[in-house]
Amino acid sequence: MPGREEQRAVLRALVDAHGETYTEETGIRLRDTPQPLYRLLVLAHLLSARIKGSIAVASARALHEAGLRDPRRMAEADWQDRVDALGRGGYRRYDERTATQLGDAARLVTERWGGDLRRLREEADGDVGELRRLLRSFPGIGPTGADIFLREAQHVWPEVAPYLDAKALQGARRLKLPRDPERLLGLAEGTEPAVLAAALVRAAIDKDVAGDSLSRTAS
């Protein structure tokens, strides 16, 4: 394994070049308020499918542009309108099933938590495992979707941080870095955990990202 200074240099190169969070890429200004949190839930749902991340991001934008930016509007929208918005984003492989799941999930947010995911957070009462379990109660949100949500939500829900899940640690392995969250945070020298997590995930899913980061620090 490379020495500590080399590891720091690799992480710095990774974060500098590839440290954009998925909410940032989607155009979501993430705050601890109902609409951005709901948009993150939709994004996590879309990103968890076996499609390109760029398509999931484009489809989340398309849903927003169609006005489906809060659970009430999503639930009340015609099913075909949801299908069409997903199609405009290029999300065609699972569009019909996903359109149904988005409607069902929106109704659950509204009926159980009054349209406000901060109430879900309150219900978990600081227990990250319970947060993850509650997120998995949404149709279409499995373990992967819950991890995606929490990786990004740690930016505004500090009790979640540091949230470096198996996918992020897979990126660390590809970069020949320690696979321990606390050691990675120490090496990242103050990098926000959500940014670090996103950068590591990008390295995990794209070998070119990892190769670029390693090549920038090659002696």
Is [Y] close to [X] at the side-chain level, that is, under 4.5 Å between some pair of heavy atoms?
X      : Y      : result
Leu169 : Leu184 : yes
Leu37  : Val156 : yes
Glu182 : Pro162 : yes
Thr21  : His155 : no
Ile148 : Tyr22  : no
Leu185 : Pro193 : yes
Arg173 : Gln170 : no

Minimum-distance pair of heavy atoms, taken over all atoms of [X] and [Y]:
X      : Y      : result
Leu11  : Ala188 : CD1-N, 3.9 Å
Gln35  : Arg69  : CG-O, 3.1 Å
Ser213 : Ala13  : O-CB, 3.9 Å
Ala62  : Gly89  : CB-N, 4.1 Å
Arg174 : Ala204 : NH1-O, 3.1 Å
Leu40  : Glu152 : CD1-CB, 3.7 Å

Identify whether NZ of Lys or CZ of Arg in Arg50 sits under 6.0 Å from the centre of the six-membered ring of Tyr94 and within 45° of that ring's axis.
no
Can you run down the salt bridge (Lys or Arg N to Asp or Glu O under 4.0 Å) pairs that involve residues 136-148, sequence neighbours left out, and say none if there aren't any?
Arg132-Asp147
Take Ile28 and His64 through the side chain to side chain contact (heavy atoms under 4.5 Å, CB included) test and state the conclusion after the steps.
CA-CA 10 Å; Ile28 301 169; His64 181 263; over 6 Å; no
Within this structure, what is the [atom1]-[atom2] distance for the pair [X] and [Y], rounded to the nearest 0.5 Å?
X      : Y      : atom1 : atom2 : answer
Leu134 : Phe149 : CG    : CZ    : 11.0 Å
Asp70  : Glu76  : CG    : CD    : 8.5 Å
Thr26  : Leu46  : OG1   : CG    : 9.0 Å
Gln154 : Leu196 : CD    : CG    : 8.5 Å
Glu25  : Leu43  : CD    : CG    : 8.5 Å
Asp165 : Arg151 : CG    : CZ    : 4.5 Å

Testing Asp32, Asp116, Asp127 for salt bridge (Lys or Arg N to Asp or Glu O under 4.0 Å) with Arg121, which one passes?
Asp32
Between Trp113 and Tyr38, is the ring centroid distance below 6.0 Å?
no
Treat each ILVMFWY residue as a node, draw an edge where side-chain heavy atoms are under 4.5 Å apart, and state whether [X] and [Y] are in one component.
X      : Y      : answer
Ile141 : Tyr163 : yes
Val83  : Ile55  : no
Leu30  : Val15  : no
Leu200 : Leu150 : no
Leu63  : Leu117 : yes

Please test Leu41 against Leu135 for side chain to side chain contact (heavy atoms under 4.5 Å, CB included), starting from the C-alpha separation and ending with a verdict.
CA-CA 9 Å; Leu41 182 70; Leu135 287 166; 4.1 Å; yes
Using only atom types and a distance under 3.5 Å, with no angle test, would you say the side chain of [X] pairs donor to acceptor with the backbone of [Y]?
X      : Y      : result
Ser137 : Arg133 : no
Arg82  : Ala77  : yes
Arg72  : Gly115 : no
Arg8   : Leu187 : no

Salt bridge between Glu122 and Arg119, side-chain N to carboxylate O under 4.0 Å?
no
Lys/Arg-Asp/Glu bridge criterion (N-O < 4.0 Å) met for Arg92, Asp95:
no
Tell me yes or no: between the side chains of Asp206 and His18, is some donor less than 3.5 Å from an acceptor?
no
Please indicate whether Arg112 has more than 12 foreign heavy atoms, meaning atoms of other residues, nucleotides or ligands, lying under 6.0 Å from its CZ.
yes
Stepwise side chain to side chain contact (heavy atoms under 4.5 Å, CB included) check, Val109 with Phe138:
CA-CA 8 Å; Val109 176; Phe138 291 111; 3.3 Å; yes
Can you check side chain to side chain contact (heavy atoms under 4.5 Å, CB included) on Asp125 and Glu130, steps first, answer last?
CA-CA 8 Å; Asp125 194 26; Glu130 180 64 6; over 6 Å; no
